[in-house]
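The structure under discussion appears below in the form of structure tokens.
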There are 2 protein chains.
Amino acid sequence: MNDAGRIAATAALLGEPARANMMAVLMDGRALTAKELAFAAHVAAPTASGHLARLTEAGLLAMRKQGRHRYFCLASPGIGRMLEAIMAATQPVAGPPTTWRGGEALRTARTCYDHLAGRLGVGLADALSARGLVVLGEDGGEVTADGHAFLQRFGADTAPRPRGPTRLFCRPCLDWSERRPHIAGRLGAALACRCFELGWIARERDSRAVRITQAGRIGFGAVFGMELAG
Amino acid sequence: MNDAGRIAATAALLGEPARANMMAVLMDGRALTAKELAFAAHVAAPTASGHLARLTEAGLLAMRKQGRHRYFCLASPGIGRMLEAIMAATQPVAGPPTTWRGGEALRTARTCYDHLAGRLGVGLADALSARGLVVLGEDGGEVTADGHAFLQRFGADTAPRPRGPTRLFCRPCLDWSERRPHIAGRLGAALACRCFELGWIARERDSRAVRITQAGRIGFGAVFGMELAG
DNA sequence: ACGGCGCTTCGGTGCAGCCCGAAGGATGGA
DNA sequence: TCCATCCTTCGGGCTGCACCGAAGCGCCGT
């Protein structure tokens, strides 16, 4: 199997709308049951079962049996990065932000794999950029000296890893609703994690959307100088 | 069109072996004619024409008319990164290096989009790592202070971009033949570019393979301490 | 032990799309 | 002007695969 063969094999799996729906739903890192994925993909259980078997066989998904349920999640962070790369590369030409089907909550704030996206995520990136704490470009990002000090005070885990970086620290990730970058990578995950810890945001059930709490509204304003509408 | 829809649409295009072959051949950034791509994809001209039209329509390829020829190339660097991400994510489990079909030249040294891969690319990464000039991890890389000084002496363009980084500077890219990382990103491109300038390597016709010249054999040994077999 | 539930396997149907040969513009050279 | 080359459009054959209903297997709670 050569380069092109692997690309074709993988892309063929992702090219079926039902399977693409499943992968997209799993992008935030959660594990879902076969039935939930069947519903998300708008297909019957037998059809979903077949798809899930093929995705697992190909190493795109990992499966864990638990009682009578079978939980599926992305097989590795690399799979998530691949999906992000596909979405980033196929970003439609500039224009007014897409209207999401019933997705106002998603546009406000949501998780993107393991970091924050939506207006909250983009606003966070803007706030950090404006203060010179991070520098974001098309394909990479850097944290300034001021930024490291700030993040440490904020309580985000920015300690370097023992044996060199094993995951990109600061990486821009194009936001599908806002069409502007937010912060991904280990920093993005650390920021999101710390915001959950502080109770500034909370996950909505069965959705990638997150809700900004009252404490969050105050905190984002005081610490990052962000004004959150609503 | 939502996230999953865009993934599905793009992946469906890439999921056809003929189209995947075309994209893979174009990964090194060259522009090829429709006929050349038909040959690379092992299909007849009419079939290739249809595929190319769809890929161009979808924004994955860009087309330039020139005389009676039509040259196709990747529409943007982002498309190349997407293809790399797919290959990286679908890396088969560890094992003995794959035997390439008649690809000894490719295994020795080749271009991977715009940087060097194969034993030469991996060797270069190893040499720089061993000397503490760069630190490579799973998902990111850094150039040390010594590394910056070394690269400047070598003549690779490592000047920071005017308004922040617009492309990731140092990034590991998993090598398909060697199963180990080589250096991609702006640094990878700069290194490859400088090696071509110095006449250490030369492109093989109609292939991603590159040939190491006699000057290169001496240069890689003297400057990077690399011993190149053959 | 038994029924309920989640998931899988099996068989048949139907559609989407890949593929090529032949014919039709378009371009450049003789 | 005429031909050769490159590319595209058109039409028909064919394969592959997504999809679902029904039936089978394993696990849990009662």
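Here is the naming used below: chain letters follow the sequence lines, and residue numbers restart at 1 for every chain.
Using a 4.0 Å cut-off between charged side-chain N and carboxylate O, A:Glu197 and A:Arg194 make a salt bridge.
If you take NE2 of A:His69 and C1' of D:dC27, they are 10 Å apart, rounded to a whole angstrom. Spacing between atom CZ of B:Phe39 and atom C1' of D:dC7 amounts to 18 Å, rounded to whole angstrom units. When the P atom of C:dG6 is taken as reference, atom OH of A:Tyr71 falls 11 Å away, rounded to whole Å. One can place CD of B:Gln66 at 10 Å from P of C:dG28, the figure rounded to the nearest angstrom. As rounded to whole Å, 15 Å separates atom P of D:dC6 from atom CG of B:Leu52. Rounded to an integer number of Å, the gap from CZ of B:Phe72 to P of D:dC6 is 14 Å.
Counting heavy atoms from C-beta outward, B:Leu37 and B:Tyr71 have side chains that stay 4.5 Å or more apart. Residues A:Ser76 and A:Ile79 have side chains in contact (heavy-atom distance under 4.5 Å, counting atoms from C-beta outward). Between A:Arg19 and A:Leu14 there is no side-chain heavy-atom pair separated by less than 4.5 Å.
Under the 3.5 Å distance criterion, the side-chain polar atoms of B:Thr33 are left unmatched by any main-chain donor or acceptor of B:Arg70.
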Distances under 3.5 Å between protein N/O atoms and the N/O atoms of nucleotides 14-20 of chain D, please, pair by pair.
from: D:dA18; atom 1: OP1; to: A:Arg19; atom 2: NH2; distance (Å): 3.1
from: D:dA18; atom 1: OP2; to: A:Arg54; atom 2: NH1; distance (Å): 2.7
from: D:dC19; atom 1: OP2; to: A:His51; atom 2: NE2; distance (Å): 2.7
from: D:dC20; atom 1: OP2; to: A:Ala44; atom 2: N; distance (Å): 2.9
from: D:dC20; atom 1: OP2; to: A:Thr47; atom 2: OG1; distance (Å): 2.9

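Taking for each of A:Gly67 and B:Arg68 the nucleotide of DNA chain D with the nearest heavy atom, the 5'-most of the two is the partner of B:Arg68.
In this structure, B:His115 and B:His182 have tilted ring planes: the angle between them lies in the 30° to 60° band.
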